[in-house]
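Right, one structure below, let's go through it.
Residue numbering restarts at 1 for every chain, and letters A, B, ... go by the order of the sequence lines.
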Amino acid sequence: MLRHWLMKSEPADCSIDDLLEAPGQTLDWVGVRNYQARNFMRDAMRPGDGVLFYHSSCALPGVAGVAEVASKAGPDATQFDPSSRYFDAKSSPDSPRWLQVRVRLVAKTRLLSLREMRGRPELSTMVLLKPGNRLSITPVTAAEWQAVIALLCPPEN
DNA sequence: GCCAACGTTGGC
DNA sequence: GCCAACGTTGGC
């Protein structure tokens, strides 16, 4: 049973174009430093799961493309790298605290802006849109997924 | 830059 | 285990 997710990234840091241009159009999703988001990767994410690639903390926040989970969760290498902004001195290779998954591009899409999403009743249940939500990885229901895909890829007449 | 909301830390 | 202080997120 495949699930669906929304994953936030700051485009200044890693954008949909970075994923588009990456070797194999695949990137390691590093830098998650929130336990709830980590637990989603550890406990529920499986290769093949669908991913909405979301641009956050930028001029035009919104869904910028579709991707898929390409690996199980494994240790996030950046936590052991003192030169990385994601370094965590309290983590050890024996018991890594932080995890990453690999993500592969499915399609860059038009930008479905946060503003437009808020205006869509069929998306109103999305965790992303809940007041105060800050989670960088949130589950997306099958109905929400289908509604987003329909908005991103309107059927031709 | 502001600020609300939330998560984490650490003293007790 | 409580909770105040502090840091971060992220839209605006």
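The aromatic rings of A:Phe40 and A:Trp5 are tilted relative to each other, their planes meeting at an angle between 30° and 60°.
The CG-C1' distance, from A:Asn133 to B:dA5, rounds to 10 Å in whole Å. Straight-line distance from the CZ atom of A:Arg118 to the P atom of C:dG10: 12 Å, rounded to whole Å. For the pair A:Leu128 CG and B:dA5 P, the interatomic distance rounds to 17 Å; values are reported in whole Å. Remark: C1' of B:dC6 and CD1 of A:Ile137 are 17 Å apart, rounded to the nearest angstrom. The nearest whole Å value for the distance from the CG atom in A:Leu129 to the P atom in B:dA5 is 17 Å.
Under the 4.0 Å criterion applied to side-chain N and carboxylate O atoms, A:Arg97 and A:Asp88 are assigned as salt-bridge partners. Using a cut-off of 4.0 Å between Lys/Arg side-chain N and Asp/Glu carboxylate O, A:Asp49 and A:Arg3 are scored as not salt-bridged.
Side chains of A:Arg33 and A:Thr78: a donor on one and an acceptor on the other come within 3.5 Å.
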Extract from the structure each pairing of a protein N or O with an N or O of nucleotides 7-9 of chain B at less than 3.5 Å, listing the distance.
| residue | atom | partner | partner atom | Å |
| --- | --- | --- | --- | --- |
| B:dG7 | O4' | A:Arg134 | NH2 | 3.1 |

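Under a 3.5 Å cut-off, the side chain of A:Ser91 and the backbone N or O of A:Pro96 do not form any donor-acceptor pair.
Every pair passing side-chain hydrogen bond (donor to acceptor under 3.5 Å, both in side chains) that includes a residue from residues 58-74 of chain A is listed here, sequence neighbours excluded: A:Glu68-A:Arg104.
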